[in-house]
Amino acid sequence: MNLKFVRDNPDEARRVLELRRCKVDLDRILALDDERRALVKERDERRHEQKELSLKVSVAKRAGEQCDELVTKARELSDKVKELETRLAAVEAEQEALARMLPNTVHPSVTAEEEVVAEHGQKPEFGFKPLAHWDLGEALDILDFKTSAALAGSRFVVFKGAGAALQRALIAFFLDRARRNGYTEVGVPVLANPECLEGAGQLPHMEGEMYALRDDPLCLIPTSETMLANLHRKQSLDESELPKKYVAYTLCFRREAGSYGKDVRGMVRIHQFDKVELFRYTRPEDSYAALEEMRAEAEALVRELGIPYRTKRLAAWDIAYQSAKTYDIEAWAGGAGQWLEISSISNCEDYQMRRTATRLRTASGTGYPHALNGSALALPRTYVALIENNQQQDGTILVPEALRPYLGGLERIG
RNA sequence: GGAGAGGUGGCCGAGUGGUCUAAGGCGACCGCUUGCUAAGCGGUUAUACGGGUAAUACCGUAUCGUGGGUUCAAAUCCCACCCUCUCCGCCA
């Protein structure tokens, strides 16, 4: 949703905002737009007159003629233009501030209610009382929450020994699968400037959720989506180059402001986590097929790890600002007995592409590509589900077949 | 952090105050031609905003790294900043 959309379809815009439970003052935006257009029109007309006079001055000076009168008149027009520009700037500033708050539209299939669209696997049956990962991890000395608290505070974790290797194995496994699926791996900065954050849609809405640096105008990225959405910033992509498929492994950082008291134990909600992120640039007509492919790719990973999961199509009010349709994959973690969101797959359509000025050239003209992102997969939580579900009576953890090649053939932790 | 060089259309590259309405070239597209060679000729070649139209056409304004300033008039002059390259310093 952008200014043009709001102007052309005010009723539809109102409906979407309501569906998303999003409060933006549409009437004010529309009123400002009328004002803006009137100012632009007058400014352009005055400037046109001024330029014509300017040309006459030029001709007169060449001919050595007197032209003080023309100059005086031109100066008046110039002043008038400056005044109009000042007023216009104020109107545009207010309008842009409001327009930045506009979320994406939603896909017709996205309703006010969420819907479970897939379920797979059996929840594990234990012949004993299973441990939650915080107890299991400390018992095996692979997770250490005491040390992490001493190093950085609450909501961090220290991985040790085979526990650290398991984390790395998961990352390598995810990256390998993405490569097999035709993704190009990219390594990107984890510090982002405000333009990138704004372009990807993290600003202004996630402002308080990110870590800002004290001495530089940079933030630690909350997800590599921020970077991947800006990879072709201010570029024009040719239709023949699409789809572009990228995968990035990065750390992600979130302040988790406002979640005090929620998921405090263990590493279900921590400030720094690892994530392998898929990202695609597609032609607009291909994006929803791509969304289903990416969902299938992410689900395949969870299946290969033997983790029971369910996939939800999120409700309109629950999806991110930049997204038009989102699936969440939730993994079952049998120790603490809870569903954990381990992947979020979204079609952001052209929302980010407009904001990052990433254009698309086609035979019939120019437009914007569509952008999709999806975790495949997010760490700590996948890790949590894996170790909780695979714990054995003797206190060890069985390593799934798929991961053993990444752990030197290790079958068991503990 | 210091010194120097640079940033112009899809790309290369000219342009130091007034038909810049940005030369020229490359590439691309369209058309023509094809008894001379993988050739030639002609044309088109951005984006945004506003006006205009049934839709085109068309008209206006802006955009030469970014933001200010000077001027009737700025790619061009002044100031600040950003980025790239080279060298120095520091450093895993």
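Lettering follows sequence order; numbering is per chain, from 1.
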Taking the C1' atom of each, how far is rU86(B) from rC79(B), in whole Å?
26 Å
Between rU19(B) and rA75(B) - P atom distance, rounded Å
10 Å
N/O (side chain, His48(A)) to phosphate O (OP1/OP2, rG60(B)) under 4.0 Å
no
When you compare rA73(B) with rU63(B), how far apart are their P atoms, in angstrom units rounded to a whole number?
13 Å
How far, in whole Å, is rU76(B) from rA23(B) if one measures between their C1' atoms?
15 Å
Provide the Watson-Crick or G-U wobble partner of rC20(B), both distances under 3.5 Å; none if there is no partner.
none
Got a salt bridge between Arg14(A) and Asp27(A), using NZ or NE/NH1/NH2 to carboxylate O under 4.0 Å?
yes
Length of the CZ-P vector between Arg43(A) and rG50(B), whole Å
11 Å
Going by purine N1 to pyrimidine N3 plus the second Watson-Crick contact, or the G-U wobble pair, all under 3.5 Å, which nucleotide sits opposite rG9(B)?
none
Arg303(A), CZ: over 12 other non-hydrogen atoms inside 6.0 angstrom:
yes
If you measure from the P atom in rG4(B) to the same atom in rA80(B), how many Å do you get, rounded?
13 Å
Per the under-4.0 Å heavy-atom filter, residues of residues 28-37 of chain A near RNA chain B come out as Arg36(A), Arg37(A)
With heavy atoms under 4.0 Å as the rule, sort Arg7(A) into base, sugar-phosphate or nothing.
sugar-phosphate
Using purine N1 to pyrimidine N3 plus N6-O4 or O6-N4 for Watson-Crick, or N1-O2 and O6-N3 for G-U wobble, each under 3.5 Å, what pairs with rC58(B)?
rG51(B)
Compute the ring centroids of Phe145(A) and Phe156(A), then answer whether they are less than 6.0 Å apart.
no
Paired with rA73(B): which nucleotide, if any, by Watson-Crick or G-U wobble criteria at under 3.5 Å for both distances?
none
Criterion side chain to side chain donor-acceptor pair (under 3.5 Å) on Arg168(A) and Tyr406(A), from CA distance to verdict:
CA-CA 8 Å; Arg168(A) 201 156 39 76; Tyr406(A) 300 92; over 6 Å; no
Quantified in whole Å, what is the P atom distance between nucleotide rG65(B) and nucleotide rG6(B)?
14 Å
What's the NZ-C1' distance between Lys41(A) and rG60(B), to the nearest Å?
11 Å
side-chain N/O Ser78(A) vs rA73(B) OP1/OP2, d < 4.0 Å
yes
Using atom P in both nucleotides, what's the gap between rG43(B) and rG25(B) to the nearest angstrom?
11 Å
Does NZ or CZ of Arg20(A) lie under 6.0 Å from the centre of the six-membered ring of Trp317(A), at an angle within 45° of the ring axis?
no
With sequence neighbours excluded, residues passing side-chain contact (heavy atoms from CB on, under 4.5 Å) with Arg37(A)
Arg7(A), Asp33(A), Asp34(A)
Donor-acceptor pair between Arg359(A) and Tyr368(A) side chains, under 3.5 angstrom
yes
Aromatic ring proximity Tyr281(A)/His232(A), centre distance under 6.0 Å
yes
Side-chain contact test, heavy atoms from C-beta onward, threshold under 4.5 Å: evaluate it for Ile342(A) versus Val302(A) and give yes or no.
yes
Could you state the NZ-C1' distance from Lys82(A) to rA62(B), rounded to the nearest angstrom?
16 Å
Establish, with yes or no, whether the OP1 or OP2 oxygen of rU71(B) is under 4.0 angstrom from a side-chain nitrogen or oxygen of Lys51(A).
no
For Tyr327(A), is the NZ or CZ atom of Arg313(A) found under 6.0 angstrom from the centre of its six-membered ring and inside 45 degrees of the ring axis?
no
Starting at atom CG of Leu53(A), determine the distance to atom C1' of rU71(B), rounded to an integer number of angstrom.
15 Å
Can you tell me if the side-chain N/O atoms of Arg359(A) get under 4.0 Å from OP1 or OP2 in rU47(B)?
no
Could you tell me whether Gln50(A) contacts a base, only the sugar-phosphate backbone, or nothing, with contacts defined as non-hydrogen atoms closer than 4.0 Å?
sugar-phosphate
Identify whether any heavy atom of Val40(A) sits under 4.0 Å from a base atom; if not, whether one sits that close to sugar-phosphate; answer base, sugar-phosphate or nothing.
sugar-phosphate
With a 3.5 Å limit on both atom pairs, tell me what rC85(B) is paired to, counting Watson-Crick and G-U wobble, or say none.
rG4(B)
In Watson-Crick or G-U wobble terms, with both distances under 3.5 Å, the base opposite rG31(B) is rC41(B)
Rounded distance (Å) that lies between atom C1' of rA48(B) and atom CD of Glu92(A):
11 Å
Between P on rA62(B) and CD on Glu85(A), what's the gap in Å once rounded to a whole number?
9 Å
Report which part of the nucleic acid Lys56(A) touches: base, sugar-phosphate, or nothing (heavy-atom distance under 4.0 Å, all strands).
nothing
Between rC32(B) and rA39(B) - C1' atom distance, rounded Å
14 Å
Interatomic distance, Tyr368(A) OH vs rA48(B) C1' [rounded to whole Å]:
8 Å
Between Ala74(A) and Glu45(A), the residue closer to the 5' end of RNA chain B by nearest nucleotide is Glu45(A)
Write down the distance between CZ (Arg46(A)) and P (rA62(B)), rounded to a whole number of angstrom.
14 Å
